[in-house]
Amino acid sequence: MDMDKVYNSKEVEKKWNRYWVENKTFSAKIDKNKKPFTIVIPPANVTGSLHMGHALNVILQDIIIRLKKMQGYNTLWVPGIDHGGIATQNVVEKFLKKEGITRHDLGREKFLEKMWQWRNETGSAILDQLKMIGCGLDWCRVSFTMDESCSKSVKKAFIQLFEKGFIYKGKRLVNWCPRCLTALSDIEVEYENEKSNLWHIKYPLIDSGSYIIVATTRPETMLGDTAVAVNPDDKRYMHLVGKTLKLPLVNREIKIVSDYIVDKTFGTGVIKVTPAHDITDNEIAKRNNLEIIEIIGINGKMINVPAKYLELSVEEARKEVGKDLEEAGFLAKIEDYVHSVGKCYRCSTKVEYLMSEQWFLNVREMSKKAIDAANDAKTVFYPQSWKRPYILWLENLRDWCISRQIWWGHRIPIYYCVDDKDSRKNCKPIASFDKPKECQYCKGKNFMQDGDVLDTWFSSALWPIGVFGWGENENSQDLKYFYPTSVLVTGHEIIYLWVARMVQFGLEFMKNVPYKDIFIHGIVRDKYGKKMSKSLGNVVDPCDIIEKYGTDALRFALAQSAAPGRDMQVSEESFLVARNFANKIWNASRFILMNLENIDKVDEDIKPAELADEWIITEFESTIAKVKTVYDSYNIDVAAREIYDFFWTKYCDWYIEVSKIRIASSDINVKRQALTILVYVLKGTLQLLSPVMPFITSEIWQILNKDEKIIVESVFPKTKASQFLESLEKMKTVQDIIVKIRTLKNEMNISSAVQIGALFNILDELDENKEKTVKENERYIKQLAKIASIQFGKNIERPKNSILVVADGFEIFLHLKGLVDIEKEKSRLLKEIVIAEQEIERTVVKLNNENFVKKAPKVEIEKIQTRLNNANVKIEKINKSLKFLE
RNA sequence: GGGCAGUUAGCUCAGUUGGAAGAGCAUUUCCCUUACAAGGAAGAGGUCGCAGGUUCAAGUCCUGCACUGCCCACCA
């Protein structure tokens, strides 16, 4: 078998991607004998193409799915895409704009045709990218939030909520995007700090020469003021409550009212009340029965205002009003001021509050249940620090504005009877799957469907039940078997927008949470810690990384830094490191496979023949245990690092190196025994790593096993207690000697390849076990420290032309061919003495501390005592050597 | 204003129940040794954000503060 010297990711990835899809490796069928493990993918927006955030998100899910599959679960990972409401409509509208047409030119029907056409042409690009990453999704179950099944779920949910009285229509103050021309829910508004001004405006009192000053960031809204409010406890203004003001520029007479919401300490302690365009003001208006005058229209232009301001944009009106106030002498002063401004999360246009008739969902009861679910640990956040923000948000939730004045989306399943022309019969709107046959009030036969569509998040909230066909059959087998799902993997930016709502709907419609665990991962940032964004130009395209370093490298790099809940900084370097790791695995495997060629078969049984065998088995077992634990708690980053460390620094650096002699042995039995363990640990490591790096591990696994099962269907290594715990300590002793000799050779500029003889003087305090260990394993020392011959003895004088290494229990003299550079050796030894003296100082301080000796555990004291003794012995030996040199 | 994270080597980050500060990258020296130079061996580099406290012992536990980032809020 030929393996390239460098791992070629491209061919391997192509091969396995095709294999998994063609063989339906990840397609799941109901199997009552197996426990299900289900994940429903956060559906990517149809407009989206794969970015690093997606890559991280799906890689983590894939790792979990592959792991659980190996652990024997019947795994299902459902793929899908989201129609993406406003965002998607915006994209298509932009294309139309290039052709010089608006959606209104086309009309609803034609426009929707365009939308669907667009969706069908571009909508599955992202799914292909998921395949490229190796995602073990069940490709037979691709869902779309606007397909038949999901649409039925949406209608069903709406009707149920409507009939329960949770959904109602009303004219209320809503967030309005003047560009998208639609209402938005509270969380679809993003706040940003912006430099602005605070205008102090004089409002003159009627029948008096004096005035009252209000401070505002939005002078143009004064045109819609219907009162001025002060705090009822504010001594400065108490006496003015009830008095009348003349509103400048408009000359409307407005009252001064009092309301506890007014903060005495802010600005002048007086606020102008514009009930039609501000939440606080609206509340004040309700409490004080104030008139509501709408002055901003749906396109963000002024209405119901004096002619000179009519049809001005808000910004223009602000300028004009400011200028006019100043000219008329109503402006007291303008201060610089920073405040946060709400913007549309889809187009960043400044959002206005305005009065509008919309559909709302009363969420009080549902959010209460969602809170209980978190408190009762029916859903658990990883990391749990997100539990509190989740609960707080739900506790303070206002009714959800669910209607949108766009066309792309689920049209609200409400029908109005149009036969009751003079409204005498008082026909009420009817919620229905299809157009009703007859009006239950007037027996009319003609209906008109509500023109609005639902917030895209309404259908998203139904995703975990919609994909299993809840809308068609709420008792479907799939739903029974796969719901509730096992874990939701997502970023924290949509905890409120999506996660909390899925929990609410899951509890409402299924009487059960949609998932047990919620795994929140961080955001991928650039190497300076900045968020990746197109405008900053710091976006790293995962496809480029795959092209350059391979998918496994991309996966490992992201997994390795994906600590739950924490943002991560990635740079080229992280992918390079991961790529190098892949190459290391490739070459270690290549080495073993090369040597396997002359062997018919490795043994069935794992029989350790020497110390290193016991040691690597023990280290491997503890790695399995640790990796399993951290995988299960979603600490995938720790698992990745743990495997990396084990494989590279233990398996490759020590075990393969130490095994080379046996591998090269002419005795076929010796060779087979060593390779048996090498293969056993290699295979196990590949399994541990397989969820993270599925391509390279699959490829090597297949070459190793020929006709056995593919690695994703193999059984994840089980944890077991080690029988060779003492091998750890023994190996440490040998390693310590090897490293010390290597260091010395390096310091003395002796090429590491030069073989030299060594004389081990066994010191009196060395215990027998240790002596035995070193003697039994002198081969390791010879081999790895490049020592030609070792002699052991006691009370040996330092030979001429040698240099000294003091290890625990040994004085090691290395024979030099030439003369020892006495000065160099001396200064080296003196340095070592200084280090040993510092050690003595540290330990003596501790041992002289009465409280330490009295209170610290025995083991600890013994440890310190040993350190002290070792340092003393070391100094003694070095001093003797120094004398000898003279 | 409230809340949540974070602060450890030049950079990115680990650090278990408190018991001699760790890795990768970068850097220095040596090595193309028949798995791997995308590699190997070794070195240098740290007042663990600051100030107190608990303890025989604190990067680790407690309190306060500073800085950074994020989330929430009725910032007129």
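Computed from a predicted structure; not experimentally measured. Proteins get letters first, then strands, A, B, ... in listed order; numbering begins at 1 in each.
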Please tabulate, one pair per line, each protein N/O and nucleotide N/O from nucleotides 17-21 of chain B that are separated by under 3.5 Å, including the distance.
| unit_1 | atom_1 | unit_2 | atom_2 | d |
| --- | --- | --- | --- | --- |
| rG19(B) | O2' | Glu860(A) | OE1 | 2.7 |
| rG19(B) | O2' | Glu860(A) | OE2 | 2.8 |
| rG19(B) | O2' | Lys863(A) | NZ | 3.3 |
| rA20(B) | N1 | Glu839(A) | OE2 | 2.8 |
| rA20(B) | N1 | Arg867(A) | NE | 2.9 |
| rA20(B) | N3 | Arg867(A) | NE | 2.9 |
| rA20(B) | N3 | Arg867(A) | NH1 | 3.2 |
| rA20(B) | N3 | Arg867(A) | NH2 | 2.4 |

Open item on the list: Just to be sure I understand the rule, does Val739(A) reach a base, reach only the sugar-phosphate, or reach nothing, if contact means heavy atoms closer than 4.0 Å?
Closed with: sugar-phosphate
- request: Using a heavy-atom cut-off of under 4.0 Å over every strand shown, decide if Glu493(A) touches base, sugar-phosphate, or nothing.
  value: nothing
By the Watson-Crick or G-U definition, both distances under 3.5 Å, rU63(B) is matched with rA51(B)
Q.
Measuring to OP1 and OP2 of rU34(B), would you say a side-chain N or O of Lys660(A) lies under 4.0 angstrom away?
A. no
- Message: Between Phe581(A) and Tyr644(A) (judged by ring centroids, cut-off 6.0 Å), do the two rings come close enough to count as a pair?
- Response: yes
Using a distance-only test with no angle check, is there a side-chain donor-acceptor pair under 3.5 angstrom linking Asp278(A) and Thr274(A)?
no
From CZ of Phe581(A) across to P of rG24(B) the rounded distance in Å is 13 Å
Answer with yes or no after comparing the ring centroid distance for Trp386(A) and Phe381(A) against a 6.0 Å cut-off, counting only values under it.
no
Separation of rC30(B) atom P from Met748(A) atom CE, nearest Å, is 16 Å
Practice problem: May I ask you to say what Arg742(A) touches in the nucleic acid, namely base, sugar-phosphate or nothing, with a heavy-atom cut-off under 4.0 Å? | Solution: sugar-phosphate
Using Watson-Crick geometry (N1-N3 plus N6-O4 or O6-N4) or G-U wobble (N1-O2, O6-N3), each under 3.5 Å, rA14(B) is paired with none
Residues of residues 626-639 of chain A with a heavy atom under 4.0 Å from any atom of RNA chain B, listed by number, are none
Whole-Å distance, Asp645(A) CG to rU16(B) C1', equals 15 Å
Query raised in the report: Heavy atoms under 4.0 Å, any strand shown: does Val577(A) hit a base, just sugar-phosphate, or nothing?
Result: sugar-phosphate
Distance between C1' atoms of rC32(B) and rU7(B) (Å, rounded):
43 Å
Just to be sure I understand the rule, does Ile279(A) reach a base, reach only the sugar-phosphate, or reach nothing, if contact means heavy atoms closer than 4.0 Å? nothing
Find every protein N or O atom lying less than 3.5 Å from an N or O atom of nucleotides 3-12 of chain B, and list the pairs.
| unit_1 | atom_1 | unit_2 | atom_2 | d |
| --- | --- | --- | --- | --- |
| rG3(B) | O3' | Arg388(A) | NH2 | 3.1 |

Charged N-O contact under 4.0 Å between Asp632(A) and Lys628(A):
yes
Check the side chains of Tyr345(A) and Glu188(A) for a donor-acceptor pair under 3.5 angstrom, ignoring hydrogens and angles. yes
message: Assess, by modelled atom type and distance only, whether the side chains of Tyr237(A) and Asn231(A) contain a donor and an acceptor separated by less than 3.5 Å.
response: no
- So what does Trp648(A) hit on the nucleic acid, given a heavy-atom distance under 4.0 Å: a base, only sugar-phosphate, or nothing? sugar-phosphate
Please report the distance separating the P of rU34(B) from the corresponding atom of rU16(B), rounded so that it comes out in whole Å. 42 Å
In whole angstroms, the gap separating P of rG40(B) from NZ of Lys650(A) amounts to 16 Å
Checking N1-N3 plus N6-O4 or O6-N4 for Watson-Crick, or N1-O2 and O6-N3 for wobble, each under 3.5 Å, the partner of rG46(B) is none
Arg641(A) CZ to rG22(B) P, in whole Å, measures 17 Å
Whole-Å distance, His339(A) NE2 to rA73(B) C1', equals 16 Å
Any strand, both distances under 3.5 Å, Watson-Crick or G-U wobble: rA38(B) pairs with none
Distance-only donor-acceptor check, side chains Glu699(A) and Tyr7(A), under 3.5 Å: no
Any luck finding a side-chain donor-acceptor pair between Ser561(A) and Asp637(A) under 3.5 Å? no
Using Watson-Crick geometry (N1-N3 plus N6-O4 or O6-N4) or G-U wobble (N1-O2, O6-N3), each under 3.5 Å, rC56(B) is paired with rG19(B)
Trp586(A) atom CH2 is separated from rA38(B) atom C1', nearest whole Å, by 14 Å
Item to check | Carboxylate-amine/guanidinium contact Lys858(A) Glu862(A), below 4.0 Å | outcome: no
To the nearest angstrom, the CD1-C1' distance between Ile700(A) and rC36(B) comes to 12 Å
If pairing means Watson-Crick or G-U wobble with both distances under 3.5 Å, then the partner of rC4(B) is rG69(B)
So CE of Met3(A) and CG of Asn8(A): to nearest 0.5 Å the spacing works out to 11.5 Å
All heavy atoms of Leu558(A) vs all of Met568(A), minimum pair found to be O-SD, 4.2 Å
query: So does Asn749(A) get a side-chain nitrogen or oxygen closer than 4.0 Å to the phosphate oxygens (OP1/OP2) of rC30(B)?
result: no
Q) Once the angle between the rings of Phe266(A) and Tyr337(A) is folded into 0 to 90°, is it parallel (under 30°), tilted (30 to 60°) or perpendicular (over 60°)? A) perpendicular
query = Contact class for Asn849(A) vs. all strands (heavy atom < 4.0 Å): base, sugar-phosphate, or nothing?
reply = sugar-phosphate
Q.
Once you apply a heavy-atom cut-off of 4.0 Å, does Lys5(A) come out as touching a base, just sugar-phosphate, or nothing?
A. sugar-phosphate
*Any side-chain donor paired with an acceptor under 3.5 Å for Thr743(A) and Lys745(A)?*
no
List the steps and the verdict of ring pair (Phe, Tyr, Trp, His ring centres under 6.0 Å) for Tyr382(A) and Phe519(A). CA-CA 5 Å; Tyr382(A) 294 83; Phe519(A) 174 20; 7.5 Å; no
Note to self: Should the side chain of Arg579(A) and the base of rA38(B) be counted as holding a donor-acceptor pair, with the cut-off at 3.5 Å?
What the structure shows: yes
